[in-house]
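Each remark here refers to the structure printed beneath this line.
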Amino acid sequence: MSKSCTSISQAVADIPDDSTIMVGGFGGSGAPVELIHALIDRFRLTGSPKDLTVINNNAGNGSIGIAAMIHAGMVRKMICSFPRSSNADAFNTKYLANEVELELVPQGTLAERIRAAGAGIPAFYTPTSFGTELAAGKPTEEFDGKMYVRERWLKADFALLKGHMGDEAGNLTYRLAGRNFNPLMAMAANTTIAQVTHLGESGSIDPEHVITPGIFVDRLVEVTDPQQEEVLVREGVVY
Amino acid sequence: MSKSCTSISQAVADIPDDSTIMVGGFGGSGAPVELIHALIDRFRLTGSPKDLTVINNNAGNGSIGIAAMIHAGMVRKMICSFPRSSNADAFNTKYLANEVELELVPQGTLAERIRAAGAGIPAFYTPTSFGTELAAGKPTEEFDGKMYVRERWLKADFALLKGHMGDEAGNLTYRLAGRNFNPLMAMAANTTIAQVTHLGESGSIDPEHVITPGIFVDRLVEVTDPQQEEVLVREGVVY
Amino acid sequence: MSDFNLMEDKLPNAKIAWRAAQDLSDGSYVNLGIGFPEMIAKFQPEGRAVTYHTENGVLGFGKAPDIGDEDWDLINAGKKAITLNQGASLFHHADSFAMVRGGHLDLAVLGAYQVAQNGDLANWSVGAKGVPAVGGAMDLVHGAKNVAIVTDHVTKRGEPKLLERCTLPLTGIGCVTRIYSSLAVIDVVDAHFVLREKLPEISIDQLQSVTGAELHLDGNVGDLIVPEDI
Amino acid sequence: MSDFNLMEDKLPNAKIAWRAAQDLSDGSYVNLGIGFPEMIAKFQPEGRAVTYHTENGVLGFGKAPDIGDEDWDLINAGKKAITLNQGASLFHHADSFAMVRGGHLDLAVLGAYQVAQNGDLANWSVGAKGVPAVGGAMDLVHGAKNVAIVTDHVTKRGEPKLLERCTLPLTGIGCVTRIYSSLAVIDVVDAHFVLREKLPEISIDQLQSVTGAELHLDGNVGDLIVPEDI
């Protein structure tokens, strides 16, 4: 049972309208540009998927990747910690026009909520955001003399990730700081789809060096020379 | 500021009576036999440390390692998931004579409580143990129609770990399944002490292959040809 | 039928394990409990890829090594030496139980002291004095998508292990989905035992007489037939 | 003293960063906030080993690469290209914030819109319309053993930023331990501002007049002296 897909478009072909999609990466590092663009291609061709909820640390930059998804009108809601970037016009415009919703989550809480979803932990307590407006309406509790906020897990229907090495068993490694949210999102989505720069046979990754065990990965597609979001933004590329 | 100690005995010289000590390993895999034995040596020489609370998945096997600590009378309480082993006489005898306490924790809850301590999460909800006597007295709550038990973090004063590669920055790798509880305990103790089979300069471990980042490790000592607990037990060694 | 001798004609553990193994799905991730359930791997049908998980942080382990070839840093949750298959991965205990609790395993197979018709399981403590031990069982029963039990249908004294309610300390409530016993294959559906297969030699009445809760029927009851050479 | 001109004689950011850098401890783990706080690393005193953490999963990063040598998979939380020092490690976001929330960092240095005498910090939102963004600030303020602020002592309009209570949306409550401002070094002790150092040219009265809460003294007030060539 190989998990590899024959094409990028095939890998994302069944993502329906109204899906919640986690997208790996922090800024351009570890961002699965080709998978996102395949989804945009599908939307332009078929009008689907639309009304998406997208979970990422940011809300897109420039005119490619998540920014292009937003600009295309596929995104109903962003869940992120930092929707600012050097060029967040796509999000800002839609947000200020009330055409896209925003759930703002502190970065560590965002990471932990995603990890909790993957780990079967429906709720946990964190000191983060206690006493701030981002904790409004959330249960609080004192432990050992300190106050904490209760946060819920955050699940998704799909995760789109960028790995570096992948093998047929679904095992993944990441490149440098491109790891970031990717291994967490792999655990938290019903269907996890990863593009990898090198796809090898089962066993081509040392078991001690695997970062995401294959159990968390449903589909793999090789993109041998992936685009780097930051480079595209700096070149002014518009997708 | 190197973290390396000149000797095993120096590495454990300041562990006081009444300490809570996490000991890495699952059975003999990843068990820091030399660090434990150094602690026993100190106890035999000085009468200290005693009245220890020891956290490990098991409660010792044969007449070495944690079993020898218990037999020597250093341990007041064990916190573990599975105090049975092929030869758990040391624990069984003391436990049935009410000379050592036991806090029995489901294995996944034990792991998650330790991880939570390291991650600044004072409490979390798990489905594990709901409706059983191990959940007696613990708060419960329903999320999305399913019942969960609230568990608290589990911290320690010291952690004794066994790594494979270590570097002067404190970074660690582990060998095969010897990883188990070691990386979690590294995060959860005030002072983390690791024996490693190979101690190299800072940078001798590929940053992408580091399992425990050095921030979690306070002291390192090289034990180049470490004993394997399972082998000692099979040879009938008595420490 | 009336000449069925419960204690002599019931399936031995190896045959129960064989039957359980026939339901292993291609591409599935499976945790087999220490002891009897581990035997299932031996009977994994050809042509199906199954990836085995063990609580102490290994996914994709294979056969035990030859005696003398053990590496005691590479063991399973039962502390037995194992080997790694191609595509294996190693991880720490929190990640391992994230796989368990997070619903990533397709199947966990455990032994049982008692199973109740509502899916309650008792398999960790006989409630008596002695040293209690729980391990990962309480996590597994609430994590895997399916929780199957392999067990003798009755205790050594011939008493039912499948009951209206468990009398021993529980491992988990409402968690068991299927039971492979020495006499039958039974599903837990809506807090009832539903009989799927039984040994051809035993009548439903006789099976009911050694079962501590009502057996429901839902369509055909298949024959539980295991090759002789198992 | 009376000829001290607040807007002309206060320290520029580089000098504030230099002063904050003098307190970096040997062997410490430090997170420097995006922007102004990042400048502190440049002034790290010789002979002290400091390991820098960035939220997106890097410990032990070094200087920015030369222009053209950037690897955009290797960035800091400010999305700037970085390099790795010997002994660096890479990890995912949950592990990164475990370091933060779990109290493993010795120091986090952040900027501020407002700091209150009880240690409350406002640095993420001016409360107005626009697009809010929080990043990792709310985690950092509740995680690091010490939370220091580098800031101008007053706003661009000359209004105090050190206050009895914050009026802008809070980042965290009771979290700030020390403030390095353009005029002074101030600790937060038992919900009071305690003046540790001030520019020699400014009087305590004048400093108090641009501070929105009472400055307490606890022994000597040192001179805040920064080398001219910074």
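Lettering of chains follows the sequences in order, A, B, ..., and the numbering in each one begins at 1.
Proximity to chain D at a heavy-atom threshold of 4.5 Å picks out B:S202, B:G203, B:P207, B:E208, B:V210, B:P213, B:G214, B:I215 from residues 197-215 of chain B, in numerical order. When the heavy atoms of residues 103-119 of chain D are compared with those of chain B, the residues falling under 4.5 Å are D:H104, D:L105, listed by number. By a heavy-atom distance cut of under 4.5 Å, B:R115, B:G118, B:A119, B:G120, B:I121 are the residues of residues 111-124 of chain B near chain D, going up by number.
Note: B:M187 CE to D:M99 CE = 7.5 Å, rounded to the nearest 0.5 Å. From D:F91, atom CZ reaches atom CZ of B:F216 across 7.5 Å, with rounding to the nearest 0.5 Å.
Under the 3.5 Å distance criterion, the side-chain polar atoms of B:D167 are left unmatched by any main-chain donor or acceptor of D:G87.
Taking a 6.0 Å sphere around CG of D:N220, one finds it holds 12 or fewer heavy atoms contributed by other residues, nucleotides or ligands. Annotation: D:R165, atom CZ; neighbour count of heavy atoms from other residues, nucleotides and ligands within 6.0 Å does not exceed 12.
Residue pairs satisfying the ring-ring contact (aromatic ring centres under 6.0 Å, His included) criterion with at least one member in residues 63-88 of chain D, sequence neighbours excluded, are absent.
Between chain B and the residues D:R101, D:H53, D:R48, the largest count of heavy-atom pairs under 4.5 Å involves D:R101. In terms of heavy-atom pairs under 4.5 angstrom with chain B, the leader among D:A88, D:G60, D:G143, D:A94 is D:A88.
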